[in-house]
**Student:** 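Let me begin by handing over the structure; questions about it come next.
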Amino acid sequence: MSLPIGFSSLNNTESSRIAYFSMEIAVAPDMPTYSGGLGVLAGDTLRSAADMGLPLAAVTLAHRKGYFQQHLDENGLQTEEAQPWNLEEKLSPEEPVVTITIEGRQVALRAWRYDLRGVTGHSIPIYFLDTDLEQNDPRDRVLTDQLYGGDGDYRLRQEVILGIGGIRILDALGYKAAVYHMNEGHAALLTVALLEDQLNGAPLSSAAKDDLAAVREHCVFTTHTPVPAGHDRFSLEQAHRILGEERAVFLEQKGCMHDGLLNMTYIALCFSRFVNGVAMQHGKVSRAMFPDYDISAITNGVHAATWTAASFQSVFDRHMPRWRQDNVTLRYAIDIPEEEIESAHTAAKQLLIDAVAQRTGVALRPDIFTIGFARRAATYKRADLLFTDPERLVRCAHERGGLQIIYSGKAHPADEPGKAKIRHVIELAKQLNSDSLRIVYLENYEWTLGALLTGGVDVWLNTPKRPYEASGTSGMKAALNGVPSLSILDGWWIEGWIEGVTGWAIEDNDDEAGEAGSLYDHLEQSLLPLYYGQPQQWRRIMRSTIALNGSFFNTQRMLEQYVVNAYFPEQRVDRPVEKLEPALTR
Ligand SMILES: *Cc1c(COP(=O)(O)O)cnc(C)c1O
């Protein structure tokens, strides 16, 4: 089947429908149904799907207790508070109740619908699965409460709900799709549900080659994790107990157990027609990790209108009036007068400074160069790389015009090393704060704060340990606001980096001191002299960052690539996977 990119010509019939499954989706700032990058990507993907008029429906869990809110005391000690949200107020209940089996118990579940409206008026339904029903065992009523909470048993039960419950609910709603897209391995069990549908009640053990091929034909899988330990795995005992004998034995026979564990990634790999990583480099890393599978790459993006500050939105509206419908027109930002870039940035920076003052009482200055660093406080993200040589940092700030650094980020409640990183940064901030160096750590990084930070700082710092950053998307949000990146060459930055044009690369010297040295060199020799000494040149860098990276690293371009390469490729048999990747030698 061949489909043009003119999506309005897609009719909403089974042969052109897509079902998108994700454990977390950032739908709106006041709905705490996401934890970080994966959920924001899912939300941005759906926002672009709605803008483009794609016939798509999404499935996730209700997460009634929300992802946690972070509190930090003056020593940087993190405590967590649940964020229950009023689902009944924001979503509409759907009629059907379906029953699935988890751990031998009958679990009833229903869906709540959110209609996500795009810029052209098209809307797509997002179904939130909910097991909080009276007829359920109390143990099962809480299964859709907590995102990434609980133990392995809790997680596997949730994955049964997402994958198998999700397909059963779509069946009950009459939504049959041509493509089922698994955003990460959490939803991998949907493949088993599709096979059960295909078999029409016959046991899984009776599945013939054609049945398996029929399921594969419908499935697309995006992997997001560049380390083996990051992939969801469960013991055989858990698999047999929670999935039941029939499903566990079947998955075992199909080779989805690895190192004695049931591995969700292998389930998804085994039953998908198209598999991809989330940046070119991540595609390579994934092929090395799973050499028996064809793995492609489609680089992530962000939803342009969502992550562009209001001040830049009006500039874009004036110069490229259709940028919301057609993100590629952001390329013409190259023609925006520098003064307009400057005044839009000044407005966004002031909003951030006001927010910092309100949240912390610290008065930052609009004329001082400001670095932003905000992300999940996982150790590989190395929030403290900038503090490797505190004396050099202090000297650099003192001698070159002054420096402000704004941090934010939550550690997963069980991630003690991540929490230690936060304490370390806050401790150093206290020690190093002076007139020329101001460091603040903002509590509770989430959507709104993410938008303020990526919109209002002067440079976006990213210091992950290679090759752990599959893609990263916050630097893309910054780019839409003309904020260049100073980053380790990993994930998307390998593709987005043009030295001195869209930002700067921290050289990878395979040792932390060397990387920190390269980071200081860039600050001392390039960034600060440019910012303070050549403001016009700095504005040109801001502008080329928008034109080159804002126009490409968005979810509209990303979804177009999914449509033509993954969802509806013109030819599905013997399609050489390599064709998708450019010959990138970086
Ligand atoms: C964009 C975003 C992320 C993901 O950013 P990375 O660059 O992938 O770390 C995480 N959390 C929030 C709140 C975001 O807005």
Side-chain angles (χ1 to χ4, degrees), residues 22-45 47-48 66-70 83 147-148 183-184 222 224-226 230 277-279 281-282 299-309 352 355 372-383 385 406-412 415 418 421 442-457 459-465 467-481 483 485-496 503 549-550 553-555 558:
S22 183
M23 183 58 91
E24 49 170 316
I25 303 179
V27 176
D30 57 357
M31 289 167 59
T33 55
Y34 67 97
S35 107
L38 186 72
V40 173
L41 175 78
D44 282 357
T45 301
R47 281 179 276 282
S48 283
Y67 197 63
F68 75 92
Q69 199 168 355
Q70 178 197 50
Q83 279 192 90
L147 173 60
Y148 307 140
N183 185 42
E184 189 54 304
T222 301
H224 292 261
T225 319
V278 290
Q281 162 76 6
H282 181 237
T299 301
N300 280 344
V302 296
H303 186 255
T306 298
W307 299 105
T308 300
L352 171 61
F373 184 105
R375 39 187 56 81
R376 201 157 42 83
T379 46
Y380 81 87
K381 303 243 190 193
R382 299 190 298 189
L385 190 77
I406 311 180
Y407 274 101
S408 193
K410 295 174 178 178
H412 184 275
D415 181 8
K421 285 273 180 204
L442 301 175
E443 208 171 58
N444 203 38
Y445 180 45
E446 44 63 67
W447 179 322
T448 309
L449 189 51
L452 281 167
L453 283 163
T454 52
V457 297
V459 75
W460 195 247
L461 179 67
N462 185 36
T463 52
K465 184 171 168 54
Y468 291 88
E469 187 84 310
S471 165
T473 52
S474 52
M476 303 175 183
K477 299 170 191 166
L480 282 162
N481 295 291
V483 175
S485 284
L486 169 58
S487 171
I488 296 276
L489 276 175
D490 199 12
W492 82 283
W493 189 235
I494 297 174
E495 301 158 49
N549 285 349
F553 294 99
N554 55 68
T555 34
M558 181 196 86

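Computed over heavy atoms, backbone and side chain alike; hydrogens, waters and symmetry mates excluded. We count ligands from 1, going down the list as the structure has it; atoms in each ligand are counted the same way.
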**Student:** Is it true that, when you exclude Y468 itself, more than 12 heavy atoms of the residues, nucleotides or ligands shown sit nearer than 6.0 Å to its OH?
**Tutor:** no
**Student:** Atom OG in S471, atom CG in L38: separation rounded to 0.5 Å?
**Tutor:** 11.5 Å
**Student:** Ignoring hydrogens and geometry, is there a side-chain-to-backbone donor-acceptor pair from S22 to A42 under 3.5 Å?
**Tutor:** no
**Student:** By ring-ring contact (aromatic ring centres under 6.0 Å, His included), which residues pair with Y67, not counting sequence neighbours?
**Tutor:** none
**Student:** What pair of heavy atoms forms the shortest contact from A304 to L480, and how long is it?
**Tutor:** CA-CD1, 3.6 Å
**Student:** Considering the options N183, N300, T473, which one meets the side-chain contact (heavy atoms from CB on, under 4.5 Å) requirement together with V278?
**Tutor:** N300
**Student:** Write out the protein residues near ligand 1, meaning a non-hydrogen atom under 4.0 Å from one of its atoms, in order of chain and number.
**Tutor:** G36, G37, V40, W307, R375, K381, Y445, E446, W447, G472, T473, S474, K477
